[in-house]
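Single-structure report; data block below.
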Amino acid sequence: MPGLDMRARRHTHDTYQAQIGVHPVLAHEQAGHKYPGIKGICRHSTPEMRIHRLEGLQRIVERAMANLRWSEVWET
């Protein structure tokens, strides 16, 4: 995403996480924020949540690459 500043990239990442249904506790953690209120103390991310996020983001990347007809991200 040439030309996008870091804030715009973070917002895009947050949007993708919402699109794939990432649990809010994990999304807050990823952004470097604490989940507000008592739920921020009582709820924690799990390995399954992280796997769900990674698989969802992987699908987004693969779909984008297919739309661009790219077979790889970096030239070798």
Side-chain angles (χ1 to χ4, degrees):
M1 293 180 211
L4 287 178
D5 66 0
M6 188 56 68
R7 179 179 221 170
R9 291 173 194 214
R10 283 195 311 263
H11 290 177
T12 300
H13 182 70
D14 289 346
T15 300
Y16 287 151
Q17 288 192 103
Q19 177 181 321
I20 60 177
V22 170
H23 194 283
V25 169
L26 184 57
H28 274 77
E29 178 185 293
Q30 178 70 28
H33 303 292
K34 291 188 177 195
Y35 196 79
I38 191 70
K39 290 184 180 181
I41 295 169
C42 298
R43 291 185 179 177
H44 304 283
S45 58
T46 65
E48 290 80 11
M49 289 178 185
R50 294 175 190 283
I51 290 168
H52 170 77
R53 180 184 59 203
L54 289 173
E55 289 173 347
L57 293 172
Q58 183 69 34
R59 284 190 303 272
I60 289 171
V61 169
E62 289 172 358
R63 186 172 51 241
M65 289 180 63
N67 288 339
L68 293 168
R69 295 188 172 94
W70 289 6
S71 60
E72 56 189 40
V73 177
W74 309 109
E75 291 183 31
T76 56

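All heavy atoms count here, side chains included; hydrogens, waters and symmetry mates do not.
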Value rounded to 0.5 Å, distance of [atom1] in [X] from [atom2] in [Y]:
{"X": "His11", "Y": "Asp5", "atom1": "NE2", "atom2": "CG", "result": "8.5 Å"}
{"X": "Gln58", "Y": "Ile51", "atom1": "CD", "atom2": "CD1", "result": "13.5 Å"}
{"X": "Arg59", "Y": "Leu54", "atom1": "CZ", "atom2": "CG", "result": "11.0 Å"}
{"X": "Ile60", "Y": "Gln17", "atom1": "CD1", "atom2": "CD", "result": "9.5 Å"}

Between Met49 and Leu26, which heavy-atom pair has the shortest distance, and what is it? O-CD2, 3.5 Å
If I compare all heavy atoms of Leu57 with all of Ile20, which pair ends up nearest, and what's the gap? N-CD1, 3.7 Å
Side chain to side chain contact (heavy atoms under 4.5 Å, CB included), that's the test. Do Met65 and Val73 meet it? Break it down for me. CA-CA 8 Å; Met65 289 180 63; Val73 177; 3.6 Å; yes
I need the single residue from His28, Glu29, His23, Arg53 that forms a side-chain hydrogen bond (donor to acceptor under 3.5 Å, both in side chains) with Ser45. Which is it? Glu29
